[in-house]
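Here is the structure we will look at.
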Amino acid sequence: MEIRAPQAWPTTEAAALAVQAELRPQVRAVPLGSRPRTLAGLDVAYAGAHGSADDEVAAAVVVLDAETLEPIEQATAVGKAGFPYIPGLFAFRELPVLLRALEQLTVTPDVFLCDGQGLAHPRRFGLACHLGVLTGRPTLGVAKTPLLGEWSEPDAERGSTADVTDGGGVVARVVRTQTGVKPVTVSIGHLIDLDDATDVVLRAAPRYRLPETTRLADRLCRDALQGVADATGVKSA
DNA sequence: GCGACAG
DNA sequence: ATCTTGTCGC
């Protein structure tokens, strides 16, 4: 798919903050126009994981049929993170390589499920929002742990939710995707609203805590990273 | 100032 | 994120 990626990515914290400030106003919270037919899962794996800019990274995107959750297409990309891990500036570490994986897709997914936050971010511009603005497509964030906000514990049954508020507004929703398991944090990225985002996540996670999109992308990027290690001559069992 | 902090 | 075996439970 076509993507308008930045000519150059920021390498300093100040430059990254400036990019977020510039793009944040473009985020739109609106209902999905129609039922999504395809869902894309994105994830990145790290080698070393010291959180430094020169960590080796592998990104993966997996497109699934929204109804059957069966894989339709997938792509990967590897490289250097290019930016250190700084909470709130997470996107500058994963987006560059993620976009290179997305460019290889021959189909354009209806909704992108990101591994991380969207609006539930210090400056209301997490990874999911950033990806949405750059692609112009609906995106949402589903995080395993919250980054900020206050909420009450949702009921134990699958489907139970509780709004997450921060700074006086609702920025996300904790969603119990499976009965008795720790809820995930869902927030909008772009061109979707919280109700639709919650619905998409619940339908994508019929069996496990994390959506099938995330699970498959996680497996794929880990394999891709291992593939780099093998080609580099790193011994393994 | 100190600690926390998506992955 | 990643380093890592076994173990408790459905």
Side-chain angles (χ1 to χ4, degrees), chain A residues 9 13 16-17 19-20 24 27 41-61 76-99 101 112-132 139-151 156-158 164 166-167 171-175 177-190 197 201 207-211 213-226 228-229 234-237:
Chain A
W9 289 89
E13 188 166 345
L17 289 171
V19 169
Q20 293 188 327
R24 184 183 66 181
V27 172
L42 309 165
D43 195 21
V44 175
Y46 299 84
H50 292 175
S52 71
D54 47 36
D55 283 336
E56 204 71 44
V57 297
V61 54
T76 63
V78 297
K80 294 286 187 179
F83 202 90
Y85 172 66
I86 300 174
L89 297 179
F90 183 50
F92 298 94
R93 197 168 159 70
E94 302 203 335
L95 278 184
V97 65
L98 277 173
L99 292 183
F112 290 86
L113 286 75
C114 301
D115 196 11
Q117 317 290 348
L119 248 204
H121 175 278
R123 293 169 294 282
R124 303 293 180 266
F125 197 69
L127 171 67
C129 297
H130 203 147
L131 179 70
T139 60
L140 64 85
V142 50
K144 294 180 285 297
T145 61
L147 176 58
L148 50 77
E150 304 176 346
W151 64 94
E157 293 67 41
R158 164 180 155 78
V164 176
D166 182 68
V171 298
R173 193 123 78 193
V174 284
V175 179
T177 54
Q178 296 301 319
T179 299
V181 305
K182 177 183 177 181
V184 295
T185 302
V186 176
S187 58
I188 69 163
H190 186 46
V201 170
R207 171 107 200 256
Y208 301 100
R209 176 164 97 113
L210 298 179
T213 42
T214 302
R215 289 166 49 78
L216 292 177
D218 179 78
R219 268 184 32 185
L220 187 57
C221 64
R222 290 199 194 203
D223 290 346
L225 191 60
Q226 185 56 53
V228 175
V234 178
K235 297 178 181 178
S236 65

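Labels below follow one simple rule: chain letters A, B, ... track the order of the sequence lines, proteins then strands, and each chain is numbered from 1. Heavy atoms only: backbone and side chains are in, while hydrogens, waters and symmetry mates are out.
Summarising the geometry, the separation between CZ on A:Arg173 and C1' on B:dA6 is reported as 19 Å, rounded to the nearest angstrom. The separation between A:Tyr46 atom OH and C:dT2 atom P is 9 Å, rounded to whole Å. At whole-Å resolution of the value, CZ in A:Arg207 and P in C:dC10 are 15 Å apart. Distance A:Leu89 CG to B:dA6 P: 13 Å, rounded to the nearest Å. In this structure, A:His130 atom NE2 and B:dA6 atom C1' are separated by 15 Å, rounded to whole Å. If you take CD of A:Glu13 and C1' of B:dC5, they are 13 Å apart, rounded to a whole angstrom. The nearest whole Å value for the distance from the CG atom in A:Asp115 to the P atom in B:dA6 is 12 Å. In this entry the distance linking CZ of A:Arg93 with P of C:dA1 reads 12 Å, nearest Å.
Within 4.0 Å (heavy atoms only), A:His121 reaches at least one base atom of the nucleic acid. If you check every strand for non-hydrogen atoms under 4.0 Å, A:Leu127 touches a base. Backbone-only contact: A:Ala45 has heavy atoms under 4.0 Å from sugar-phosphate atoms and none from a base. Residue-level contact check: A:Pro146 touches the backbone only, with heavy atoms under 4.0 Å from sugar-phosphate atoms and none from bases. Among the heavy atoms of the strands, none lies under 4.0 Å from A:Leu42. Contact annotation for A:Gly141: no contact, since no heavy-atom pair falls under 4.0 Å across all strands.
Using a 30° and 60° split on the angle between ring planes, A:Phe125 and A:His130 fall in the tilted class, from 30° to 60°.
Side-chain contact between A:Asp166 and A:Arg124 is present, with at least one heavy-atom pair separated by less than 4.5 Å. Using a 4.5 Å heavy-atom threshold, the side chains of A:Phe112 and A:Leu98 count as separate.
At the phosphate of C:dT2, OP1 or OP2 sits under 4.0 Å from a side-chain N or O atom of A:Arg222. Applying the 4.0 Å criterion to OP1 and OP2 of B:dA6, one finds that A:Lys144 has every side-chain N and O outside that range. Residue A:Thr145 has no polar side-chain atom (N or O) positioned under 4.0 Å from OP1 or OP2 of B:dC5.
Ionic pairing of A:Lys144 and A:Asp115 is present here: one or more N-O contacts between side-chain nitrogen and carboxylate oxygen are shorter than 4.0 angstrom.
Here CG of A:Leu89 is found 11.5 Å from CZ of A:Arg93. Values are rounded to the nearest 0.5 Å.
A stacking contact links A:Tyr85 to B:dG7: the aromatic ring centre lies within less than 5.5 Å of the base's six-membered ring centre, and the planes differ by less than 30°.
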